[in-house]
Amino acid sequence: QVQLVESGGGLVQPGGSLRLSCAASGSIFKINDMGWYRQAPGKQRESVATITRGGVTNYADSVKGRFTISRDNAKNTVYLQMNSLKPRDADVYYCNADVQQSIPRGRRNYWGQGTQVAVSS
C-alpha cells in the first residue's frame, strides 16, 4: 500500500502565501502524475494543479500566475506554492498520485487525507 501525507496548510491573510507538501511512502515503484485538488463543503472536488513525472504542469484558470506546482521524484514528494492568496482559495486541499506499485504490482490512484487552507483577515 501507499500513503500520502500532506502538510503546510493553515490560516493566512489575503495576499499571503503558503506552501503545501505531500510525501508519498510505501510500496512505490514509480509515481506518474501527481496533483493538488480542493474541495469546499457541499461542492465537488476540483483540480487545482497537476504535474507529470517529467515536469509538465497544468493549472486551473483561477490559480494561474499565483500557484506553482513542483515535485521531487527522488523524494516522491509534490509541492504547491500558493501566493497572493484570496478568500476564495480557502478550501480543503487534497494531494493525488498515480502510483505504479511494487508489491502488489499494479497501478493505483491514491489520495491524501486533506489539509485545510483558510484565508481571512
Any pair counted as disulfide bond (SG atoms under 2.5 Å apart), so long as it reaches residues 9-95, sequence neighbours left out: Cys22-Cys95
Does anything in residues 18-34 pair up under salt bridge (charged side-chain N to carboxylate O under 4.0 Å, His left out), and if so which pairs, sequence neighbours excluded? none
Return the minimal non-hydrogen interatomic distance between Gly10 and Leu18, and the atom names on each side. O-CD1, 3.9 Å
State, to 0.1 Å, how close Asp91 and Gln116 come at their nearest heavy-atom pair, and which atoms those are. O-NE2, 3.3 Å
Starting at OH of Tyr110, measure out to CG of Leu4 and round the result to the nearest 0.5 Å. 8.5 Å
For Asn58, enumerate each residue passing the side-chain contact (heavy atoms from CB on, under 4.5 Å) test, keeping only those at least two apart in sequence or located in another chain. Thr50
Under the criterion side chain to side chain donor-acceptor pair (under 3.5 Å), I'd like the reasoning laid out for Gln100 against Arg108: C-alpha separation, chi angles, the key distance, then a yes or no. CA-CA 7 Å; Gln100 201 76 31; Arg108 279 192 60 182; over 6 Å; no
When clusters are formed by joining ILVMFWY residues with side-chain heavy atoms under 4.5 Å apart, either directly or through shared neighbours, do Val92 and Val12 land in the same one? no
Tell me, which pairs form a salt bridge (charged side-chain N to carboxylate O under 4.0 Å, His left out) where one or both residues lie in residues 70-80, sequence neighbours left out? none
Decide yes or no for Asn96 and Asn109: does some side-chain heavy atom of the first lie under 4.5 Å from some side-chain heavy atom of the second? yes
Please find the pair of heavy atoms, one from Ala90 and one from Ala118, that lie closest to each other, and give the distance. CB-CA, 4.1 Å
About how many Å separate CD of Gln101 and CZ of Phe29, when rounded to the nearest 0.5 Å? 12.5 Å
Please determine whether residues Val117 and Tyr59 belong to a single hydrophobic cluster, defined as Ile, Leu, Val, Met, Phe, Trp and Tyr linked transitively by side-chain heavy-atom distances below 4.5 Å. yes
To the closest 0.5 Å, what do you measure between CG (Leu11) and OG (Ser121)? 9.5 Å
Quick one: OG on Ser47 to OH on Tyr94, what's the gap to the nearest 0.5 Å? 15.0 Å
If you compare all heavy atoms of Ala24 against all heavy atoms of Ile31, which two are closest, and at what distance to 0.1 Å? CB-CD1, 3.7 Å
Does Arg38 reach the side chain of Glu46, with side-chain heavy atoms less than 4.5 Å apart? yes
Heavy-atom nearest pair, Leu80 first then Ala49, reads CD1-CB, 4.2 Å
So, does Ser27 use its side chain to make a donor-acceptor pair with the main chain of Ile103 at under 3.5 Å? yes
side-chain contact (heavy atoms from CB on, under 4.5 Å) between Asn32 and Arg107, intermediate numbers included: CA-CA 10 Å; Asn32 302 308; Arg107 186 171 177 175; 3.5 Å; yes
Would a hydrophobic clustering, with Ile, Leu, Val, Met, Phe, Trp and Tyr connected at side-chain separations under 4.5 Å, put Tyr93 with Tyr37? no
Look up atom OG in Ser62 and atom CZ in Arg88, then write down how far apart they are to the nearest 0.5 Å. 6.0 Å
Tell me, which pairs form a salt bridge (charged side-chain N to carboxylate O under 4.0 Å, His left out) where one or both residues lie in residues 49-66, sequence neighbours left out? Asp61-Lys64, Arg66-Asp89
Let me know which of Val78, Asn76, Ile69 forms a side-chain contact (heavy atoms from CB on, under 4.5 Å) with Met34. Val78
Is there a path of hydrophobic side-chain contacts, each under 4.5 Å between heavy atoms, that joins Ile51 and Tyr79? no
Is the distance between the ring centroids of Trp36 and Phe67 under 6.0 Å? no
To the nearest 0.5 angstrom, please state how far the OG atom of Ser17 sits from the CG atom of Asn83. 3.5 Å
Quick check: does any side chain N or O of Gln13 sit under 3.5 Å from a backbone N or O of Gly16, one acting as donor and the other as acceptor? no
Is the backbone N or O of Gly114 less than 3.5 Å from a side-chain atom of Glu6, with the two atoms forming a donor-acceptor pair by type? yes
Contacts of Arg45 that satisfy salt bridge (Lys or Arg N to Asp or Glu O under 4.0 Å) - sequence neighbours left out: none
